[in-house]
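Report on the following structure.
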Amino acid sequence: MTRGASLSLEAPAKINLLLHVEGRRADGYHLIATVFQRVSLRDRLHLEVTPGRGGVRLSCPGSALPEDARNLAHRAAEAFLRRTGLGLDVRVELFKEIPPGGGLGGGSSDAAAVLRGLNALAGEPVPAAELMAMGAALGADVPFFLLDVPAAVGRGVGTELEPVEPPAFWYVLAMPPFGISTRWVYENFVLTTRGPDTIFDPGQALRTMAWKNDLEQVVLSAHPQVGRLKDILLAEGARAALMSGSGSTVFGAFREEARARAAAGRLAGEAGVRVRVVRGC
Ligand code: ATP
């Protein structure tokens, strides 16, 4: 590359329509069965590459997030430059809309967008399968965002993916004014053994609306607001209302937009909670 090139792209959030903890690996990582659904709440990124020596510069205007290698977007750019050895400097501008620590996968989606964007700008030097492996090394939710499908079943640590037909819902996102550390949730999670004959089929649970998030047991006692948000959404007619991922966001699924908007209005009085009505995308 003799001159610079740039690209603007969007990084959508995800919600987990269900999340079932199946076991624990010897290294402490939990094995899950989940359904990821992309939704229309998005961070925006602008990428710029110029001939250089592999420097990465990130800025996150209006956000308190770190702009160094603690940020997943920064780490993704470094990983890409390391793998390709390209003589490029990378500049990333990241405009956050997805609240950090909200269980919405914002950091993972930013990382996936940086990997895809840089690969596109550089003429696709990294094959898709290898990009997925690079994503998995950055975070368990990154491969879902690289897959570029509306919804997928995730197994293992969430990186073994199978696309599924997304259900047609409007989602009300209720985002509390605090984030929750995923690590804290898993450290406090108590795995209850189920009988050996209880085989969990996430695809079937999705279709029959048997939506449930095992991680709620940890969060509900520490953050009563999460339970209250669920109760309000159910009282407003949500077909399901649960915490996304490891929290703190709670979502309600509605068949009709008008019901979703009415529920969103009802949530407006909840202290500090940001509310958005979104679609699967
Ligand atoms: P998940 O559901 O994927 O476990 P999450 O949606 O709860 O994660 P993220 O928004 O991905 O959480 O952020 C988790 C933590 O990662 C934040 O507390 C933040 O300090 C750190 N982080 C690093 N980079 C980013 C980024 N680009 N956007 C958001 N958080 C980031």
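One-based numbering, in listed order, for ligands and for the atoms of each.
Nearest to atom 11 (O) of ligand 1 among the protein's heavy atoms is G107 N, 3.0 Å. For atom 6 (O) of ligand 1, the closest non-hydrogen atom of the protein is G105 N, 2.6 Å. Protein heavy atom in closest approach to atom 19 (C) of ligand 1: L65 CD2, 3.9 Å. In this structure, atom 23 (C) of ligand 1 lies nearest to the protein heavy atom R70 O, 3.4 Å.
Atom 16 (O) of ligand 1 lies below 4.0 Å from none of the non-hydrogen atoms of the protein. There is no protein heavy atom closer than 4.0 angstrom to atom 21 (C) of ligand 1. Inside a 4.0 Å radius of atom 25 (C) of ligand 1 there is at least one protein heavy atom.
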Return all side-chain donor-acceptor pairs below 3.5 angstrom for residues 151-176, not counting sequence neighbours, or 'none' if the list is empty.
from: R155; atom 1: NH2; to: E22; atom 2: OE1; distance (Å): 3.1
from: R155; atom 1: NH2; to: E22; atom 2: OE2; distance (Å): 3.4

Taking distance alone, no hydrogens or angles, what donor-acceptor pairs closer than 3.5 Å link side-chain atoms of residues 99-112 to residues at least two apart or in another chain?
from: S109; atom 1: OG; to: P12; atom 2: O; distance (Å): 2.7
from: D110; atom 1: OD2; to: K96; atom 2: NZ; distance (Å): 3.0

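For the atom pair CZ of R239 and CG of L233, the computed distance is 14.5 Å after rounding to the nearest 0.5 Å. To the nearest 0.5 Å, atoms CD (E48) and CG (L88) are separated by 12.0 Å.
Salt-bridge formation is detected for the pair E97/R274: a Lys NZ or Arg NE/NH1/NH2 atom is positioned less than 4.0 Å from an Asp or Glu carboxylate oxygen. Look at D214 and K212 and you find a salt bridge, because one of the NZ, NE, NH1 or NH2 atoms lies within 4.0 Å of a carboxylate O, short of that distance. We find that E93 and R44 are not joined by a salt bridge, their nearest charged nitrogen and carboxylate oxygen being 4.0 Å or further apart.
Neither the backbone nor the side chain of H74 has any atom closer than 4.0 Å to an atom of ligand 1 (non-hydrogen atoms only).
The aromatic rings of F144 and F36 lie parallel to each other, with less than 30° between the two planes, well short of the 60° mark. Between H223 and F178, the ring-plane angle classifies as parallel under the 30° and 60° cut-offs.
Close approach of ligand 1 to D141 (heavy-atom distance below 4.0 Å) involves ligand atoms 1 (P), 2 (O), 3 (O). If you number the atoms of ligand 1 from 1 as listed, the ones under 4.0 Å from a heavy atom of L94 come out as 27 (N). Atoms of ligand 1 found under 4.0 Å from any heavy atom of G106, numbered from 1 in the order shown, are 6 (O), 10 (O), 11 (O). Below 4.0 Å from some heavy atom of L104 lie the following atoms of ligand 1, by number and element: 6 (O). Listed by atom number, the atoms of ligand 1 under 4.0 Å from G103 heavy atoms are 2 (O), 5 (P), 6 (O), 7 (O). The T182 neighbourhood of ligand 1 comprises atoms 4 (O), with distances under 4.0 Å to a heavy atom of that residue.
Residue L72 has at least one N or O atom closer than 3.5 Å to an N or O atom of ligand 1. Of the polar atoms of S246, none of the N or O atoms is found under 3.5 Å from an N or O of ligand 1, judged by distance alone.
Taking a 4.0 Å cut-off on heavy atoms, G101 registers as neighbouring ligand 1. By the 4.0 Å heavy-atom criterion, I98 is excluded from the residues contacting ligand 1.
Across every non-hydrogen atom of L58 and A73, the tightest pair is CD1-CB, 4.4 Å.
Here atom 29 (C) of ligand 1 lies nearest to K96 when heavy atoms of R183, K96, E67 are compared.
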*With salt bridge (charged side-chain N to carboxylate O under 4.0 Å, His left out) as the test, would you mind laying out the steps for K230 and E216 before giving the verdict?*
CA-CA 11 Å; K230 276 174 60 116; E216 285 180 359; 2.6 Å; yes

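Side chains of N16 and T34: a donor-acceptor N/O pair is present below 3.5 angstrom, by distance only.
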